[in-house]
Amino acid sequence: MKKYSIFKHLLMVIITLVLYYFLLPAINPRSPGFYSFLLLLAIIYLALSIPEMIKQGINNLKMKEAIKKLPTPVRIVMIIGVVNILVMIIGSLSGAKIFNAAKYANLIEMKSGDFVEDVAEINMSQIPLVDRDTAATLGSRKLGEMSDLVSQFEVADDYTQINYQDKPVRVTPLVYGDFFKWLNNKSEGIPAYIKVDMATQETSLVRLSEGMKYSTSDLFFRNIHRYLRFCYPTSIFEGLYFEVDEAGTPYWIAPTVKYQIGLWSGRDIGGAVLVNAVTGDHQYYPVEEVPSWVDRVYNSEMVIEQLDFNGRYSGGFLNATFGQKNVLQTTEGYNYLAIDDDVYLYTGITSVVSDESNIGFVLVNLRTKETRFYAIPGAEEFSAMSSAEGQVQHLSYVATFPILLNVADRPTYFVSLKDSAGLVKMYAFVDVQQYQIVGTGETVAYARADYLNKLGISENVMVETGDFFNKEGTISAVSSAVVGGNTRYYFMIAGDDSVYVADVSINDYLPFMAIGDEVSFTGNILDNVRLINAITIGKSLKTDPAIPQE
């Protein structure tokens, strides 16, 4: 049996190394995965010891006698297993919400904000029109155009939303198609990543001068998860995000967990490891020192969980369980909003009874976790989506989850309306406080103009986007057509070959416009279409103060 004992211990060493290589647990007493790993090893060791115990007849002895006759290493392992189980029980109890309700409520701090001041009205050309599903479609289509890459690589499904050079974009790396394609290309690395402009839908395949050597699809020690674990064996990681810096260099962002409650409860972020995907250079930053170009440090699901804890336990555990006075929760979905150089998570706050209205909403900076609450009651997001769909119910379009915008100093939901094929056909602006007010159109400009008109805001509110023009002249040709359920008027003016387009919502007198009428108007050029946002018929621009001057 001595030979078997030596064999058993050598085998146990091999099993431990193999399991560590694949499972990659953090060697950290505050990680529940660490104790699970030790317990698994203990069970395997005891299983390998069964032949020895049977040989010695221990299995036929009574419990007390059997324990006394156990080899010392086996007894030590059994003690380790029992201690592990006790620690796991105590660790779970130490973070029980019944004892720590106030701590859970304080995991995130909300400050009151001024929506108009904090969320500036953005240029319409910067409104994110592309959701994640559309970005994935565009990315796959772009790779399909690259004959030299499509046979060897696929597109990862990351599509991280970031701010890149003051533009909202989604980025995702390419991945190796399979093991043999990795063998063929591993020396050069992954040559490119996909970048999708969320406002213009422009999709680029960004080729790198040197390929990425560290990724989720790499094998062995170049796999980014394994690389991080061997570089930081004690760190507890929370998610992994692909981003690029302002120079376009690809990085992996790996936030690290710190537990605020008990042994391993109250998840929060203590910092992040930044890994250059090309060179493998890495550095850890405390959360307050993470570079400003990084947009994603806090996990969205973690933030939502902390917001729910805050809404549920601010009045104590008993109130959250029984009385439920002033108990709040986040709405079911969330989205992202780009402000300055950061990405903010947006979600509504509603009563725990889950009615169809919000008492307000929050914006959370995903780099710093700065959180602001806006006490603006209104419709919850799914009600707004239904309201937008109702405006075009005859077309059976489906609304995307809203983006929160400031439109004319009013909090406004912006949604895209997709057909059954998943293609965006129209856009809608829905007032947060009065969700029955919906503006729709085939372009963002038309949808916004329709929305402002229904709000009763002056039709001459400028749409500051694209190339602005200010014109006056005599109508030389005019025609109309119904597009997407809306009547549009197309006209030309004498001495100008351009065609101008105006929605009927812009001016009630458009149906009476005729050749020879004097008109003055302003607008913007969007996607080579000259869209009118204000028009006066039969008056001079110079004598009509309602029309803004250049």
Side-chain angles (χ1 to χ4, degrees), residues 14-26 33 37 40 130-162 169-196 202-233 237-245 248-255 273-282 296 299 421-422:
I14 294 172
I15 291 173
T16 301
L17 293 176
V18 170
L19 287 177
Y20 183 79
Y21 178 85
F22 285 104
L23 299 180
L24 301 175
F37 181 69
L40 176 61
V130 177
D131 62 3
R132 191 183 182 284
D133 291 340
T134 303
T137 301
L138 294 172
S140 297
R141 185 183 303 162
K142 190 65 178 180
L143 180 62
E145 298 172 0
M146 305 297 168
S147 58
D148 61 322
L149 298 178
V150 70
S151 64
Q152 299 296 307
F153 300 92
E154 298 174 359
V155 183
D157 60 359
D158 297 55
Y159 288 100
T160 310
Q161 180 174 334
I162 65 172
V169 304
R170 287 186 179 270
V171 291
T172 190
L174 301 185
V175 295
Y176 298 104
D178 53 41
F179 173 75
F180 296 102
K181 292 170 184 176
W182 173 78
L183 282 178
N184 293 335
N185 297 279
K186 65 183 179 66
S187 58
E188 291 82 15
I190 296 172
Y193 60 86
I194 298 286
K195 176 166 65 72
V196 182
E202 179 183 355
T203 306
S204 307
L205 187 138
V206 182
R207 293 182 181 268
L208 301 167
S209 57
E210 184 179 351
M212 290 182 276
K213 305 298 196 305
Y214 300 87
S215 72
T216 54
S217 64
D218 267 285
L219 302 178
F220 307 118
F221 291 98
R222 272 175 36 180
N223 177 277
I224 186 61
H225 294 288
R226 189 164 294 111
Y227 183 71
L228 281 165
R229 172 54 64 224
F230 280 87
C231 291
Y232 298 88
F237 293 108
E238 177 69 29
L240 183 69
Y241 309 106
F242 180 79
E243 292 197 28
V244 299
D245 65 12
T249 304
Y251 278 85
W252 292 102
I253 314 300
V273 177
L274 275 60
V275 182
N276 186 309
V278 175
T279 65
D281 294 339
H282 54 85
R296 188 68 61 90
N299 178 286

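Model, not experiment: these values are computed from the prediction. Nothing fancy with the numbering, it's 1 onward along the sequence. Hydrogens, waters and symmetry mates are skipped; everything else that's a heavy atom, side chains included, is used.
Counting only heavy atoms from C-beta outward, the side chains of D218 and I224 never approach each other to under 4.5 Å. Side-chain contact between F237 and V273 is present, with at least one heavy-atom pair separated by less than 4.5 Å. Between V196 and V171 there is no side-chain heavy-atom pair separated by less than 4.5 Å. Looking at heavy atoms from C-beta onward, W252 lies out of side-chain contact with Y227 at the 4.5 angstrom threshold. No side-chain heavy atom of I253 sits less than 4.5 Å from a side-chain heavy atom of L240. Between M146 and R207, some side-chain heavy-atom pair lies under the 4.5 Å cut-off. When side chains are defined from C-beta on, F242 does not count as touching S215, because their heavy atoms never get closer than 4.5 Å. Counting only heavy atoms from C-beta outward, the side chains of S217 and W182 never approach each other to under 4.5 Å.
For the pair Y193 and P173, the tightest heavy-atom approach, listed with the atom from each and the gap, is CB-CA, 3.9 Å. The shortest heavy-atom contact between A156 and V175 is CB-CG1, 3.6 Å. Closest approach of L228 to A254, counting heavy atoms only: CD1-CB, 3.7 Å. For the residue pair P255 and G239, the shortest heavy atom distance occurs at CD-O, 3.6 Å. Of all non-hydrogen atoms in P25 and G33, the two that sit nearest each other are CB-O, 4.2 Å. What you find for R296 and E243 is that their closest heavy atoms are N-OE2, 2.7 Å.
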side-chain contact (heavy atoms from CB on, under 4.5 Å) between H225 and T216, worked out: CA-CA 7 Å; H225 294 288; T216 54; 4.0 Å; yes
Decide ring-ring contact (aromatic ring centres under 6.0 Å, His included) for F230 and F221; before the verdict, give the C-alpha distance in whole Å, the side-chain angles of both, and the deciding distance to 0.1 Å. CA-CA 9 Å; F230 280 87; F221 291 98; 5.2 Å; yes
Residues T172, V155; criterion side-chain contact (heavy atoms from CB on, under 4.5 Å); working and verdict: CA-CA 7 Å; T172 190; V155 183; 3.5 Å; yes
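Taking a cutoff of 4.0 Å between a charged side-chain nitrogen and a carboxylate oxygen, D131 and R170 do not qualify as a salt bridge.
The backbone N or O of Y232 sits less than 3.5 Å from a side-chain atom of R229, completing a donor-acceptor pair. Under a 3.5 Å cut-off, the side chain of R226 and the backbone N or O of Y21 do form a donor-acceptor pair. R222 places a side-chain N or O within 3.5 Å of a backbone atom of K213 that can act as its donor or acceptor partner. Proximity of a side-chain donor or acceptor of S204 to a complementary backbone N or O of V206 within less than 3.5 Å is not detected. For N276 (side chain) and G280 (main-chain N/O), no donor-acceptor pair under 3.5 Å exists by modelled atom type. Proximity of a side-chain donor or acceptor of K181 to a complementary backbone N or O of S151 within less than 3.5 Å is detected. With hydrogens and angles disregarded, no donor-acceptor distance shorter than 3.5 Å links the side chain of T134 to the backbone of V130.
Side-chain contact check for D158 and T160: no donor-acceptor pair (N or O, by modelled atom type) lies under 3.5 Å. Inspection of the N223 and Y214 side chains reveals no N or O donor paired with an N or O acceptor under 3.5 Å.
Between Y176 and F153, the ring planes lie tilted relative to each other; the angle falls in the 30° to 60° range.
A side chain to side chain contact (heavy atoms under 4.5 Å, CB included) with L149 is found for exactly one of L174, I190, N185, namely L174.
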